[in-house]
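First comes the structure, then the notes that go with it.
These numbers come from the heavy atoms of this one structure, side chains and all, not from hydrogens, waters or symmetry mates.
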There are 2 protein chains.
Amino acid sequence: MVSTALKPPTEPAPKRSFRQQMHLAREDAIVSAVNRLLAEKGFESMTVDEVAAEVGIAKASLYKHFPSKEDLAAAAMVRVMQRAQAFLDGLDKNRPPLQLLREVARWTMEVQLAGEMPSLPSENSSLRAALTTNKAYVDGLMDVSDRLGAWITAAQSEGSINPDLPPIAVLYTLYARACDPVLGFLKGSGQYSNEQIIEMVLSTCFDGLKAR
Amino acid sequence: MVSTALKPPTEPAPKRSFRQQMHLAREDAIVSAVNRLLAEKGFESMTVDEVAAEVGIAKASLYKHFPSKEDLAAAAMVRVMQRAQAFLDGLDKNRPPLQLLREVARWTMEVQLAGEMPSLPSENSSLRAALTTNKAYVDGLMDVSDRLGAWITAAQSEGSINPDLPPIAVLYTLYARACDPVLGFLKGSGQYSNEQIIEMVLSTCFDGLKAR
DNA sequence: GTCTATATGTAGATAGAC
DNA sequence: GTCTATCTACATATAGAC
């Protein structure tokens, strides 16, 4: 068809891709700021004005990218979930399941100490409702839960994780340790390095407070 | 002096005491409502209107009792701390320190499952600042920490608590378990009774996830 | 001390020019 | 898509009658 000759012959796709990349980069900067503020102050205390100020754009511009504060926060939660999935992907599945679980717990604590782990939304938070209807988040959470659940039952079968505990209790415990305030408490005491803190909390989590 | 004859001869003190008791009872009802709402929604999401509605008085009346929302919440935190002190008082100090610590952890979990355990205020919450300048709260917290700390070091000396853990790490862990979201997760699953949930979380806390 | 009514600040969200 | 300026709702806190 002759009409195709009307298109500019040079770089039409790259130009559109460039603008898309700018758009995505901007959104990534927004999500990063939201992620940090969510971890620092929580959903209720975080204000959209703060997000706009941190990103360096007007608040109205934020609403061109995300229709509400809940969607803003949900995007950050989805990205954290994707980071978790990527971490799971990178693990050597030939290692014993107990070691895999321990590595996952260690990673979540590193993320938290880096100030990048949003705390769990409380049960009646408006964010909670937004997340339960967010397919990307729910799918990611189920995927992560399935993979961890398989390692948990495998570890219980081989006798390295306490088989008396329901697997779901172990799973929830690992999720809770990702947001454990003990890390912040110990950090605030100023007596220990991040590595020491993580080793202590990993020890209490897997070995318990009692002597062995 | 003859002027004393002008006083009514019957029950002057009881009348004043009665009004004081009414006053205290009203304040106790307020603090109970605040305590429940703090546990349910957290400080930022709780509104003074809700408190007034739950108590059944006008919002302005609340401000005759407590000068600010922070003071309102602080009063509830102080009462929780007093309940903790009273629980510690009632324990049999002749029991092994590990058992004492376990009983304390069990009690905090019972309080949480009863919907009466306020979650810890985040680091930059306005409630945090109010609490650090509240003598009753700080004194209560230090008293509880001292008593638990003594049991922790005693348990470590007799070899029942892991002596490699700094006592402060053990203390912070016990505080964190009092607000552990795992209890709510397991409760929300609808599969376990309160007793089962507490046993599971006590097990993960003291015995760890690993098999023994 | 309790109430109704209101002041005051601030949050999420939008209008409309460019 | 970005901005300034604004709307609207609601939360903390107060005024003032009784």
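Listed by chain and number, the residues in a ring pair (Phe, Tyr, Trp, His ring centres under 6.0 Å) with A:Phe206 amount to none (sequence neighbours excluded). Remark: B:Asp146 engages no residue in a side chain to side chain donor-acceptor pair (under 3.5 Å) (not counting sequence neighbours). With sequence neighbours excluded, the residues that form a salt bridge (charged side-chain N to carboxylate O under 4.0 Å, His left out) with B:Arg147 are B:Asp89, B:Asp143. With sequence neighbours excluded, the residues that form a ring pair (Phe, Tyr, Trp, His ring centres under 6.0 Å) with B:Phe87 are B:Trp107. The side-chain contact (heavy atoms from CB on, under 4.5 Å) check on A:Ser122 picks up A:Glu44, A:Asn124, A:Ser125, with sequence neighbours excluded. With sequence neighbours left out, the ring pair (Phe, Tyr, Trp, His ring centres under 6.0 Å) criterion links A:Phe43 to no other residue. Residues that satisfy the salt bridge (charged side-chain N to carboxylate O under 4.0 Å, His left out) test with A:Lys135, not counting sequence neighbours, are A:Asp139.
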Between the protein and nucleotides 5-11 of chain C, list every N/O to N/O distance that falls short of 3.5 Å.
none

Show me the donor-acceptor pairs, under 3.5 Å and distance only, between side chains in residues 60-67 of chain B and residues at least two apart or in other chains.
residue, atom, partner, partner atom, Å
B:His65, ND1, B:Glu27, OE2, 3.2

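Along DNA chain D, the stretch of nucleotides lying under 4.0 Å from any heavy atom of chain A spans, 5' to 3', D:dG1 to D:dT4.
Counting only residues at least two apart or in different chains, salt bridge (charged side-chain N to carboxylate O under 4.0 Å, His left out) contacts with residues 120-129 of chain B are absent.
The distance from atom CG of A:Asp71 to atom P of C:dT14 is 11 Å, rounded to the nearest whole Å. With rounding to whole Å, A:Leu62 atom CG is found 14 Å from C:dT14 atom C1'.
Counting only N and O atoms by type, the side chains of B:Ser68 and B:Asp71 include a donor and acceptor under 3.5 Å apart.
Nearer the 5' end of DNA chain C, as judged by each residue's closest nucleotide, is the contact made by B:Gly56, out of B:Gly56 and A:Phe43.
When the local axes at the two ends of the helix from C:dG1-D:dC18 to C:dC18-D:dG1 are compared, using 5 base pairs at each end, they differ in direction by 20° after rounding to 10°.
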